[in-house]
Visitor: 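I'd like to ask you about the structure that follows.
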Amino acid sequence: NACHGKNEGGGYLLFLDSNSSVNIDLFMVFCKSNDRGSLCFLQDSELTITRSLLHLNRALQGGFMLVEGKSRLKVTKNKFLYCSAIEGGVFKINSFHSINIQENVFKGNKASKYKLSVTVKEEVAPKGGVIHFGKIPDGLLDFKFVLIRNLFQGNQALLGGAFFSDDPE
């Protein structure tokens, strides 16, 4: 499956919340943009994405995905190429239960400012060329983050070329 073009309505290509569970395999997304948020929103749900290509996608938060709540995310054998957002070139993660990222290629992704059709009310420094972790909510101590055999090449941001965390701990 392939998808390309501008997401004019500001909605998500994939919106998962309230205990949804989806597996995506062999999917391609090219040149999608979303001024309000990411192309994929995951909250209190489970997503597995494998052997997919995500290229030239952009958003305000997470060029591909915004993750919140007690979500479970497994990302294996994908290519994320030249995605961008102000916060998290590929992923903006505000909270999660488990994230497993294995054997992916992250190339040329960036956190940077770009021309949006919406006005950003406050000045935000570009953070996390691949992943931007927001501040972990108080009381959320039961989480697991696994990162194995990934290639990070030419990713960039003002703060954290590949990763940045707002949480000092």
Side-chain angles (χ1 to χ4, degrees), residues 3 7 10-25 27 29 32-106 109-112 120 124-148 150 152 155 157 159-169:
C3 183
N7 190 352
Y12 300 97
L13 182 66
L14 179 63
F15 184 93
L16 298 174
D17 71 350
S18 301
N19 299 314
S20 300
S21 181
V22 173
N23 293 318
I24 297 174
D25 188 33
F27 192 69
V29 180
K32 294 290 283 180
S33 64
N34 187 333
D35 289 342
R36 291 193 212 161
S38 302
L39 301 173
C40 181
F41 178 75
L42 185 64
Q43 180 174 357
D44 298 323
S45 295
E46 185 172 338
L47 176 65
T48 299
I49 181 166
T50 55
R51 301 181 304 165
S52 295
L53 173 63
L54 298 116
H55 186 257
L56 290 171
N57 300 297
R58 70 179 192 177
L60 285 173
Q61 296 182 342
F64 171 61
M65 180 180 293
L66 175 61
V67 180
E68 295 187 344
K70 294 182 179 179
S71 295
R72 297 174 186 272
L73 175 63
K74 186 171 184 182
V75 181
T76 307
K77 297 182 180 178
N78 301 286
K79 290 184 180 179
F80 296 91
L81 309 175
Y82 307 102
C83 297
S84 63
I86 295 174
E87 296 180 307
V90 178
F91 299 103
K92 168 66 188 256
I93 300 170
N94 289 326
S95 63
F96 64 96
H97 178 70
S98 68
I99 295 180
N100 188 316
I101 299 175
Q102 295 187 39
E103 300 179 39
N104 298 282
V105 174
F106 296 94
N109 301 292
K110 64 183 176 177
S112 67
V120 177
V124 178
K127 304 172 192 174
V130 175
I131 299 175
H132 174 218
F133 292 96
K135 186 164 179 5
I136 302 296
D138 291 337
L140 185 64
L141 300 174
D142 181 27
F143 60 89
K144 179 179 175 183
F145 181 76
V146 177
L147 191 66
I148 299 173
N150 296 281
F152 296 90
N155 302 291
L159 301 170
F163 304 100
F164 183 83
S165 176
D166 288 334
D167 203 320
E169 299 174 21

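Being a predicted model, the structure only gives us computed values, none of them experimental.
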Visitor: Report the residues that fulfil side-chain contact (heavy atoms from CB on, under 4.5 Å) with Phe164, sequence neighbours left out, ordered by chain and then residue number.
Guide: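 Testing Phe164 for side-chain contact (heavy atoms from CB on, under 4.5 Å), a comparison that skips the adjacent residues, returns Lys127, His132, Leu159, Asp166.
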Visitor: Report the C-alpha separation of Ile99 and Phe91 in whole Å, then their side-chain angles, then the decisive distance to 0.1 Å, and conclude whether the side-chain contact (heavy atoms from CB on, under 4.5 Å) test is met.
Guide: CA-CA 11 Å; Ile99 295 180; Phe91 299 103; over 6 Å; no
Visitor: Keeping the roles fixed (side chain from Asn155, backbone from Gly161), state whether a donor-acceptor pair exists under 3.5 Å.
Guide: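 No; zero donor-acceptor contacts below 3.5 Å.
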Visitor: side-chain contact (heavy atoms from CB on, under 4.5 Å) with Asn150: which residues, sequence neighbours excluded?
Guide: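 Scan of Asn150 (side-chain contact (heavy atoms from CB on, under 4.5 Å), adjacent residues dropped) gives Ile101, Asn104, Phe106, Leu147, Phe152.
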Visitor: Any non-hydrogen side-chain atom of Val75 less than 4.5 Å from a side-chain atom of Met65?
Guide: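 Not in contact.
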Visitor: Should Asn94 and Glu68 count as side-chain neighbours, where that means a heavy-atom distance under 4.5 Å?
Guide: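 Result yes, sub-4.5 Å side-chain heavy-atom pair found.
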Visitor: Which heavy atom of Gly128 sits nearest to which heavy atom of Ala111, and what is that distance?
Guide: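 So the minimum-distance heavy-atom pair works out to O-CB, 3.5 Å.
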Visitor: Measure the acute angle between the ring planes of His55 and Tyr82, then classify it against the limits of 30° and 60° as parallel, tilted or perpendicular.
Guide: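 Taking Tyr82 first and then His55, their aromatic rings stand perpendicular (interplane angle over 60°).
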Visitor: Locate the shortest heavy-atom distance separating Gly129 from Ala157; write the atom from each residue and the value.
Guide: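 For Gly129 and Ala157, the tightest heavy-atom pair comes out as N-CB, 3.6 Å.
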Visitor: Could you tell me which residues satisfy side-chain contact (heavy atoms from CB on, under 4.5 Å) with Asp17, sequence neighbours excluded, listed by chain and number?
Guide: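 Asp17 satisfies side-chain contact (heavy atoms from CB on, under 4.5 Å) with Phe15, Gln43 only.
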Visitor: First locate atom OG of Ser98, then atom CG of Leu73, and finally report the distance between them rounded to the nearest 0.5 Å.
Guide: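 Interatomic distance, Ser98 OG to Leu73 CG, rounded to 0.5 Å: 8.0 Å.
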Visitor: Return the CD to CD1 distance between Glu87 and Ile93, rounded to the nearest 0.5 Å.
Guide: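 Nearest 0.5 Å value for the CD-CD1 distance: 12.5 Å.
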Visitor: State whether the side chain of Ser52 and the backbone N or O of Phe27 hold a donor-acceptor pair below 3.5 Å, judged by distance alone.
Guide: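 Checked: pair present.
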Visitor: Answer yes or no: is there a side-chain heavy-atom contact under 4.5 Å between Phe64 and Ile49?
Guide: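 Yes, close enough: below the 4.5 Å cut-off.
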Visitor: Identify the heavy atoms of Gly62 and Ala85 that sit nearest to each other, and give their distance.
Guide: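 What the structure gives for the nearest pair is N-CB, 3.5 Å.
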Visitor: Kindly compute the distance separating SG (Cys40) from CG (Asn57), expressed to the nearest 0.5 Å.
Guide: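 These two atoms lie 11.0 Å from each other.
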Visitor: Please determine whether side-chain contact (heavy atoms from CB on, under 4.5 Å) holds for the pair Lys77 and Thr50, giving the CA-CA distance in whole Å, both sets of side-chain angles, and the decisive distance to 0.1 Å.
Guide: CA-CA 6 Å; Lys77 297 182 180 178; Thr50 55; 5.6 Å; no
Visitor: Roughly how far apart are Asn109 CG and Leu81 CG, rounded to 0.5 Å?
Guide: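 The CG atom of Asn109 sits 7.0 Å away from the CG atom of Leu81.
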Visitor: Going from NZ on Lys70 to CG on Asn19, what distance comes out if it is rounded to the nearest 0.5 angstrom?
Guide: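 Rounded to the nearest 0.5 Å, the NZ-CG separation comes out at 10.5 Å.
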Visitor: Can you tell me if Ser45 uses its side chain to pair, donor with acceptor, with the backbone of Ser21 under 3.5 Å?
Guide: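 Not at all, since once roles are kept as given, no pair shorter than 3.5 Å links the two residues.
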Visitor: Quick check: does any side chain N or O of Ser95 sit under 3.5 Å from a backbone N or O of Gly69, one acting as donor and the other as acceptor?
Guide: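 Yes, the answer is positive, given that a donor and an acceptor are paired below the 3.5 Å cut-off.
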Visitor: Looking at CG of Asn23 and CD of Glu46, how far apart are the two atoms once the value is rounded to the nearest 0.5 Å?
Guide: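 These two atoms lie 7.5 Å from each other.
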